[in-house]
Amino acid sequence: MFQGKTRTAAWIGFGLYTVLTLFFLFVGFNRSSALPETGLRYHLGFDGIPLRFPGGGYSNLWLFNLGNYLAFVPFGVVIPLLIRCRFLPFLLVFLAAITGVELIQMVTHLGAFDINDIVINTLGATVGYGAQRLVRRERTTPRGLLKLLFSGAVLTVAVYSAVSGLNHYLDYGRGEIKALDQLPLEHGEVRWESRLNGFTAAQEQIEPVINLYSRDNPRSHEFSLRLDGQFKEFSGNLAVPDDVINAASSGSSRVIISADGEEIYSMDMNIVPGENQPLSFRVPLEGKQELTIAVFNDAADPRTNAVFWDVTLIEANAGQKLAARIHRLLGGG
């Protein structure tokens, strides 16, 4: 622990840093502009630790989350050097303090009460505590302070990289690809071609590789599959073949994709020469329990006009499945 003049200087520096941190929590980032609001803002759902590698066009959000992490590392480093404390009491007191700060932000309309902020702030303080525990001797000497800075920097970067890597795996990782025609239906019926014959759409040659929606399906129908939260993405292709347009006078085709009873994607195609360019689609399905596909054709032909091909479901990886289960257990739906 710090002693003598070093301890006094450390208290002064720690106090100034705390005031600066509170300034940014309550006044900085133009928070006072929110004063006229009367509603309380809060977010009680845990969405994971929001640390990610930079990129994706959200630089401001990335910088904000990184600051929420880094700003509280010094608290974990300095407090145990000023006040002798074990990890669990330190953690409980810090949690109580940061929760109080979040509540004050909410009731003063200078911010929102956010569980995710509490988690990332606490992670920063925990990393700082761990960093100072790595240096066992001479922690208050100039050489010891350099060791503290070095261990803090290394552990901070290591935890940031580990959490960001895990989030990258959860955000972008993929499991096995399943052909839609190989999965059992929950409701309805659908026919798939036994032979993957090619066709043209808007004069473009199409050669299906995985599956091909049969033209013998009725022009308007729907079918659904049980997902049980096991799939990450639904993708495929859609078009009205040229020979259908040549045989039909007019009309349109519409496909609606729904998940858990809510429409999440739709596609419309006119049965008109030159307006039947092939469409590709990719629809996220994280945590969805049921997928429904509805096809509507208003042309005179009793058979379908629009056809799908190479339609697949991409399974969530093991980490995504586990995260979805935890989210449901925590009441996330």
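None of the values given here were measured: they were computed from a predicted structure. For the numbers below, each heavy atom of this structure counts, side chains included, while hydrogens, waters and symmetry mates do not.
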K.L.:
What pairs with His43 under ring pair (Phe, Tyr, Trp, His ring centres under 6.0 Å), at least two apart in sequence or on another chain?
P.N.:
none
K.L.:
Please say whether more than 12 non-hydrogen atoms of neighbouring residues, nucleotides or ligands are located less than 6.0 Å from CD in Glu262.
P.N.:
no
K.L.:
Using a 3.5 Å distance criterion without hydrogens, assess whether the side chain of Glu102 forms a donor-acceptor pair with backbone atoms of Gly100.
P.N.:
no
K.L.:
Is it true that Asp171 and Arg52 make a salt bridge, defined as a side-chain N closer than 4.0 Å to a carboxylate O?
P.N.:
yes
K.L.:
Is there a side-chain contact (heavy atoms from CB on, under 4.5 Å) between Asn217 and Val295 once you walk through the steps?
P.N.:
CA-CA 10 Å; Asn217 283 294; Val295 182; over 6 Å; no
K.L.:
Applying the 4.5 Å side-chain criterion to the ILVMFWY set and letting contacts propagate, would Trp309 and Val209 be lumped into a single cluster?
P.N.:
no
K.L.:
List the residues meeting side chain to side chain donor-acceptor pair (under 3.5 Å) with Thr200, not counting sequence neighbours, and say none if there are none.
P.N.:
Asp242
K.L.:
Working to the nearest 0.5 Å, report the span between OG1 of Thr292 and CG of Leu225.
P.N.:
8.0 Å
K.L.:
Should the ring pair Trp192 and Tyr213 be called parallel, tilted or perpendicular, given that the plane angle runs from 0 to 90° and is split at 30 and 60?
P.N.:
perpendicular
K.L.:
Is any side-chain heavy atom of Ile257 closer than 4.5 Å to one of Phe234?
P.N.:
yes
K.L.:
Would Glu176 and Lys178 pass as an ion pair if we require N to O under 4.0 Å?
P.N.:
yes
K.L.:
Assess the pair Phe53 and Trp62: is the distance between their ring centroids shorter than 6.0 Å?
P.N.:
no
K.L.:
Answer yes or no: are there more than 12 heavy-atom neighbours, outside Tyr17 itself, under 6.0 Å from its atom OH?
P.N.:
yes
K.L.:
Tabulate below the donor-acceptor pairs under 3.5 Å that side-chain atoms of residues 142-153 make, not counting sequence neighbours, or state none.
P.N.:
residue	atom	partner	partner atom	Å
Ser151	OG	Ala131	O	3.1
Ser151	OG	Lys147	O	3.1
Ser151	OG	Leu148	O	3.0

K.L.:
Quick one: pull up CD1 in Ile177 and CG in Leu313 and give me the separation to the nearest 0.5 Å.
P.N.:
10.5 Å
K.L.:
Tell me, with the steps shown, if Ile118 and Asp114 meet side-chain contact (heavy atoms from CB on, under 4.5 Å).
P.N.:
CA-CA 7 Å; Ile118 294 175; Asp114 194 329; over 6 Å; no
K.L.:
Do the side chains of Asp243 and Arg215 get close enough for a salt bridge, i.e. N-O under 4.0 angstrom?
P.N.:
yes
K.L.:
Can the ring centroids of Phe75 and Phe14 be said to lie less than 6.0 angstrom from one another?
P.N.:
yes
K.L.:
Can you tell if the side chain of Phe26 reaches within under 4.5 Å of the side chain of Thr21, non-hydrogen atoms only?
P.N.:
no
K.L.:
Within the distance-only criterion (no hydrogens, no angle test), does the side chain of Gln132 pair as donor or acceptor with the backbone N or O of Tyr129 below 3.5 angstrom?
P.N.:
yes
